[in-house]
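Values reported hereafter were calculated over all heavy atoms of this structure, with side chains retained and with hydrogens, waters and symmetry mates removed. These figures come from a predicted structure and were not determined experimentally. Below, read A as the first sequence line, B as the second, and so on, with proteins coming before strands; counting in each chain starts at 1.
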Amino acid sequence: MVYEEKNKLKSFPIQAFQQDLIHWYLAEKRDLPWRKDQDPYKVWVSEIMLQQTRVDTVIPYFTSFINKFPTIDALADANEEEVLKAWEGLGYYSRVRNLQAAVKEVKESYGGVVPKSPEEISKLKGVGPYTKGAILSIAYNIPEPAVDGNVMRVLSRILSIWEDIAKPKTRKIFEDITYELISKDDPSSFNQALMELGALICTPTSPSCLLCPVREHCSAFEEGVQTELPIKSKKKKPKPLQITAAVLYDANGNVYIHKRPSTGLLANLWEHPNVEVNAEVGKPYREQLSDYLQSEYHAKVELSELAGTVEHIFSHLIWNISIYFGELKNTPNQMLVSLTEEELNKYAFPVSHQKIYQIFKGSALNV
DNA sequence: TAGACGTGGCC
DNA sequence: TGGCCAAGTCT
């Protein structure tokens, strides 16, 4: 398969590019916790955490996650609730469910050793084309491309590629190019260098071209179009939803929470009981919530006045959450779990529901 | 393929 | 302030 873009490589100084890039990387690379060794498990955990997530955010999560689950066996045998708790606040929670499932698979089918073949490693849950290449190259020094957003941005500038990097099929173009460009002597440093360059120098909005170790090989810099690239089509705006949530408690000070379904949004996380409402029903939101608590949980409760609001922005949704408090007058059904404040700390909540509980704790109603 | 899937930071 | 993210994967 030959793309027009691949023809650009015929006159491209591949060796000099590799040398300049890797030389810069070895001198300037950041001292990150997942770079202390090449343990395939730690590389794997770091790559999953780094998906769509900033390095500064990941560092503390990575450190504590590896402390709690230092090996494949430790994670495979760990309690699911504890694993989810360790991911609390990181987002994209299916990442950690897939990671634990995949680690179990490695323990059972591969003797606890992360497979080295692209075919086998790709079968693991949560390991897509990027993560496959990242683990194989970084941990095992195998020359596989690891094409992420950084790599597409950097290479689109270096080679003046005007394809839309938001389109899924575009990634394949960059993979084909990377197979040609990648250093066969040090694929680990090469792949990481490309990403490091994207993170530190060849940044999205104002790239530091004058500090760039490969600017003499950069087509976009030569043409002065580095800020025009890459081409990236716009995302849709998230859809707003009106949500009501209740912090339910009893005379003993226990709080009643609900576990979300095992699939979909915020899967397996816990939350304060809540429901989507709308103005067209003709009832006040507080009454719509009260009706819902009665029918869904058989919970009898006199709700407070509006206690506060929390906005929670997802990639595709916005929750505008109105918060009410209520002391239970009866024992609700088993869909609602009663917990002491101390027990609450063992369960993983989405950030929006952490905020809801903080409003409850900070309220005068709670004394 | 396009949409689902989180969160916090930045300008 | 709102848009755009940041080392993607799954369906």
Candidate list A:E80, A:E271, A:E81, test salt bridge (charged side-chain N to carboxylate O under 4.0 Å, His left out), partner A:K259, passing option: A:E81
Donor-acceptor pair present, A:T57 side chain and B:dG8 base, under 3.5 Å: no
Nearest-angstrom distance from the residue atom CD1 of A:I121 to P of C:dG8: 17 Å
Rounded distance in Å between the P positions of C:dA6 and C:dC10: 23 Å
Selection from C:dC5, B:dT7, B:dG6 that lies nearest to any side-chain heavy atom of A:K232: C:dC5
Between P of B:dA4 and CZ of A:F314, the distance in whole Å: 12 Å
A:Q51 versus A:Y130, side-chain donor and acceptor atoms under 3.5 Å: no
d(NZ, A:K169; C1', C:dG8) in whole Å: 20 Å
Distance test, side-chain N/O of A:T131 to OP1/OP2 of C:dT9, below 4.0 Å: yes
Residue A:T53, side-chain atoms from C-beta onward, closest of B:dG6, B:dG8, C:dC5: B:dG6
From B:dA4, C:dG8, C:dA6, nucleotide with atom closest to A:Y130 side chain: C:dG8
Residue pair A:Q192 / A:S188, side-chain donor-acceptor N/O under 3.5 Å: yes
Nucleotide nearest A:V351 (side chain, heavy atoms from C-beta), chosen from B:dC5, B:dT7, C:dA6: B:dT7
